[in-house]
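So you know, we letter chains A, B, ... as the sequences are listed, proteins then strands, and number each from 1. Predicted model, so just to flag it, every value in this text is computed and none were measured.
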2 protein chains.
Amino acid sequence: MAQYSADLDGVFVALADPTRRGVLRRLGRGPVSVGDLARDVPMTLPSFLKHVRMLETSGLISTVKAGRVRTCVLNRERLGLVDDWLAAERRAWEDRTDRLEQLLSEEDHP
Amino acid sequence: MAQYSADLDGVFVALADPTRRGVLRRLGRGPVSVGDLARDVPMTLPSFLKHVRMLETSGLISTVKAGRVRTCVLNRERLGLVDDWLAAERRAWEDRTDRLEQLLSEEDHP
DNA sequence: GCAATACTTAGCCTCATGGCACAGTATTCG
DNA sequence: CGAATACTGTGCCATGAGGCTAAGTATTGC
């Protein structure tokens, strides 16, 4: 659970940057090399590479190097963490809402 | 759209901290004062207050001060931003998958 | 082999985050 | 009124994010 939380930290941090979200969007259309990704971004390559590394350590993408080209692939299932978190939050709210409605209906018919 | 992206930045940054996620979870059960929230957290009040402010500027919570007590309330609808972003990502993937499957089926029956 | 390509490393800068302590303000209670 | 309560403001510090330049390494193409 502590690990779950740390993973979630990493994923949310990774998502909190437009450059990185842009990379994810692009990778949704298939694997792309670092160089090709960087061409779309107004930034030097070393700076951009930091974003790629961060996406990789968050688990949102994987990369493999073949020759001198590093290719990035989206790990779609990783966003399941966000889904799960959202679902858990909402479950908590709804439990509360249920109890609240129950309480209200008891007041209606005591 | 630029604003949408900036809003998303703020929300993801806010969610990228266990303390703040804990606050949201707690607020899911109803409004709570800053002091009560702080009691659960191993941190000084001024430090904790920074988290509350950050949650507020991200739009995930609202706060009102009555007398000397500031009460925090969850803005549930704000998480819709995350839903929307997730949905948009997935739509992009699926479009691609559709095209890919179409391509494959064309290869099967040229 | 040599030059171009595609990263990669290293070092530096600035600003934001997340923590602290300490002192202040505004309300409320006796 | 005076003390306790509940924040709030200020200033400090360490760390890490996000950008840069300059130089280095490993592959590939001619």
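Residues Met54(A) make up the rest of the hydrophobic cluster containing Val13(A), defined by ILVMFWY side-chain heavy atoms closer than 4.5 Å, directly or through other members.
For Leu15(B) and dT17(C), the CG to P distance is 14 Å, given to the nearest whole Å.
The side-chain heavy atoms of Ile61(A) and Val52(A), taken from C-beta on, include a pair separated by under 4.5 Å. Between Val82(A) and Leu15(A), the closest side-chain pair of non-hydrogen atoms falls below 4.5 Å. Within the 4.5 Å cutoff, the side chain of Asp9(B) has heavy atoms near those of the Pro18(A) side chain.
Of the residues in residues 33-40 of chain B, none lies under 4.0 Å from DNA chain C by heavy-atom distance. The stretch residues 54-64 of chain A touches DNA chain D through Met54(A), each having a heavy atom within less than 4.0 Å of the strand.
Contacts classified as salt bridge (charged side-chain N to carboxylate O under 4.0 Å, His left out) and involving residues 33-51 of chain B (residues at least two apart or in different chains) are given here: Arg26(B)-Asp40(B), Asp36(B)-Arg39(B). Sorted by first and then second residue, the pairs that involve residues 58-91 of chain A and meet ring pair (Phe, Tyr, Trp, His ring centres under 6.0 Å), not counting sequence neighbours, are Phe12(A)-Trp85(A). Applying the salt bridge (charged side-chain N to carboxylate O under 4.0 Å, His left out) rule to pairs touching residues 77-86 of chain B yields Arg90(A)-Asp83(B), Asp7(B)-Arg78(B), sequence neighbours excluded.
Side-chain N or O atoms of Arg21(B) include one that pairs as donor or acceptor with a backbone N or O of Ser5(A) at under 3.5 Å.
Take Arg68(B) and apply the side-chain contact (heavy atoms from CB on, under 4.5 Å) test, not counting sequence neighbours, and it matches no residue. Residues that satisfy the side-chain contact (heavy atoms from CB on, under 4.5 Å) test with Thr19(B), not counting sequence neighbours, are Asp17(B), Val41(B), Met43(B), Phe48(B), His51(B). With sequence neighbours excluded, the residues that form a side-chain contact (heavy atoms from CB on, under 4.5 Å) with Val73(B) are Pro31(B). Listed by chain and residue number, Glu56(B), Arg70(B) satisfy the side-chain hydrogen bond (donor to acceptor under 3.5 Å, both in side chains) test with Thr63(B) (two or more places apart in sequence, or in another chain).
The CG atom of Leu60(A) sits 10.5 Å away from the CG atom of Leu27(A) when rounded to the nearest 0.5 Å.
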Item checked: Base versus backbone protein contacts along nucleotides 19-30 of chain C [heavy-atom cut-off under 4.0 Å; B, S, -] -> BBBB----BS--

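In the 5' to 3' direction, nucleotides of DNA chain D lying under 4.0 Å from heavy atoms of chain A begin and end at dG18(D) to dT28(D).
With DNA chain D read from its 5' end, the first of the two nearest nucleotides for Val13(A) and Arg70(B) is the one closest to Arg70(B).
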